[in-house]
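Both backbone and side-chain heavy atoms feed into the values below; hydrogens, waters and symmetry mates do not. Counting begins at 1 with the first residue of the sequence.
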Amino acid sequence: MAVTAPSGVATRRAVRGVAGIRWAMLRHTLRDPQRSAWVWVGTTAGAMLAAGTIWAAAVDADLLAVAMSAWLLGWIVGPLLNGTGDALQPTWFAATGLPPRRLMTGLLAGSLVGIGPALTLVAYAGLAVTGFGIGLGAGLVGTLAAVLQVGLTVAVAKLAAAGYSLLLRTRPGAALGGAITGSVLAFAAQGWAVILAFAGGDVAAVLAGATRLLPSGWGLVAVEAAGRDDPVAVLLVLGAVLALTVVAIGAWSAIASARSSGDVFRIHARSHPVARDAATATLASIARSVLRDPRTVNHLFFATSYAVGFCVLPLAIGWTDLLGWAGVVFTVFATALFSNQLGDTGTSLWLLLITPGAARRDVRARMLLFLGMVGPIALVLTVLLGALGTGPGQWAAPLSALAATLGAGMGITVLLSTYAATATTDPVRRAANPLDIGADASATGVFYLALLAAAATAIPAAGVAVVFGWWGLPVGIVTGYACARGLGTLAGRHIDIDGPDVLATLRGIRSPGPSVLRPGRFSELPRRTRYGVLAAFAAGTLLLFPQGLVPVIFLSTANPTRAWFFALYLPAPWDWLAAIAAVTAGAGLCAWSAVRSRAARQS
């Protein structure tokens, strides 16, 4: 007769087993040269943020409350953007026969294993720092609250990812999910305008009170209650943290353990258009594939909601200059979101490789489809929102930049899809969450590269339009056409010449050495070179855009908003000098990182 282990012992075994699997996955990731570089860059950035949170705790409790709310928001929004809410899927353990409660306990324990939870615990140690600054009892409460807050943060993040996955099972849900995520990020970028409008001069007090009402601030409320010698309030607040954690875990378990039934994306086509030639057939085939993908709906609504929120929220303080730029912002984000088209379709590239001339037709069809999807929405956003804030005579710069970014987006998306393709899970093998495509951290780098490249193409046309008016529109049209034609030609030629290597990348197969047809991969560079190039690119990006170009634009207005831009806090003429210095240093670092990476590949 078989001997069954007691329930508690079996649960502990499940926890140890799942935690061991998660730890093995982390070790494997750190041994991977391509992924480890991004992991260490993210770890360095997280460590800096954690150190900043502890510094905020030592300086002011209000700053700690704001910082902890930012950590909770990052845990919720981050997995939704990457589509990787769960490193371990419950369906992977279906054959083990574990009861749902035991399996969910193990998966939750596995979620606590990793660099992210460790850094979050270090950041939340700011509660202990604040507590011990008040007294011994408050310090002990702060230590306990830090541990409970980490559990609450992980549980809420997993619940948000599971709920988002459930929402994305329908096409309207995918649209709603994209709109929600875009709105949240837009508020994170431009919410300061709303705060200024409603808070007047007492922004810090309003932020401090609001962030203490959020679950992320309950631990600080408990610490302050302990400093007032109020044990009842301490128990109530910590009990609320624990209760919310249990509720979030229960809701996540119910969603994650539920199995999907049937195909929820059913298409009932009333007619099947007949293609007149190979080019039309290619365009129709790609259009059906892309437009039926719920990720397309999600991306379009995300970019739309972000662009509208980013440009409309400053209206709270009467700033209307951004309204006409909504179409440009939408196009730039759409370019970044659709920058891995070949990777998103899986390994179907082999069909193009065995058909003569199919690769170039595929590239042209994807470019036309991008223009057809993004162009009308961008034009409508530019005209409608621009009419609310600017006169027709002031539309030269936004329309000129829009012409440039639309053409550049057509070329950038297909070029990065071939030269920087990221392997993903084939569509038929993806999980219930359509955004969970199995892409690694390199996809994030490609996203930001496309974002910066698309934004940079708008600068020449916008600059000419600001100085010479409508002469910027021809410059934008020429820039967009040149980018679309040139980058599209490069993409088609790369598939024709080096298509098997691209297919190997999409299958997750890496070449043992540099190919004779192309320079070596970034992952093949020495570790010190990789980290130096990534650090220079990250620092250059921060200096060039948030601390350089944006302050220059603000200084050009009558009443610039300081916000978090360093140059705007300096007196004239040092403000202009600081902004120009930031632009110069940022451009120099980005150029150095590109040159250094290319030189290392060719050495």
Leu323 vs Leu315 side-chain heavy atoms within contact, under 4.5 Å: yes
Side-chain donor-acceptor distances from residues 449-461 under 3.5 Å, at least two apart:
from   : atom 1 : to     : atom 2 : distance (Å)
Thr457 : OG1    : Ala454 : O      : 2.6

Residue list, side chain to side chain contact (heavy atoms under 4.5 Å, CB included) with Ile377, at least two apart or on another chain: Thr304, Phe330, Leu381
Test item: Ser339 and Ile412 side chains (from C-beta on) under 4.5 Å apart, heavy atoms: no
Partner set under side chain to side chain contact (heavy atoms under 4.5 Å, CB included) for Val383, not counting sequence neighbours: Leu379, Trp395
Listed partners of Thr53 passing side chain to side chain contact (heavy atoms under 4.5 Å, CB included), at least two apart: Leu64, Ala67, Trp71, Ala123
Residues that Phe338 engages under ring pair (Phe, Tyr, Trp, His ring centres under 6.0 Å), provided they are two or more places apart: His299
Separation between CG of Leu213 and OG of Ser69, rounded to the nearest 0.5 Å: 11.5 Å
Listed partners of Thr153 passing side-chain hydrogen bond (donor to acceptor under 3.5 Å, both in side chains), at least two apart: Tyr124
Sequence-distant partners of Val59, side chain to side chain contact (heavy atoms under 4.5 Å, CB included), two or more places apart: Trp55, Leu63
Residues in side-chain hydrogen bond (donor to acceptor under 3.5 Å, both in side chains) contact with Thr120, at least two apart in sequence or another chain: Trp75
Inter-residue atom distance Asn298.CG - Thr181.OG1, 0.5 Å rounding: 6.5 Å
Worked check of side-chain contact (heavy atoms from CB on, under 4.5 Å) between Arg212 and Glu224: CA-CA 11 Å; Arg212 279 174 170 80; Glu224 293 173 339; 2.6 Å; yes
Ring pair (Phe, Tyr, Trp, His ring centres under 6.0 Å) against Phe301, all qualifying residues, sequence neighbours excluded: none
Verdict with supporting geometry, Val154 and Lys158, side-chain contact (heavy atoms from CB on, under 4.5 Å): CA-CA 6 Å; Val154 174; Lys158 295 187 74 65; 4.2 Å; yes
Min side-chain heavy-atom separation Phe302-Ile180 under 4.5 Å: no
Pairwise side-chain hydrogen bond (donor to acceptor under 3.5 Å, both in side chains) hits with a residue in residues 399-418, at least two apart: Gln341-Thr413
Residues that Trp218 engages under side-chain hydrogen bond (donor to acceptor under 3.5 Å, both in side chains), provided they are two or more places apart: none
From CA spacing to verdict: side-chain contact (heavy atoms from CB on, under 4.5 Å), Val156, Leu152: CA-CA 6 Å; Val156 171; Leu152 174 62; 3.7 Å; yes
CE on Met410 to CG on Leu368, rounded to 0.5 Å: 5.5 Å
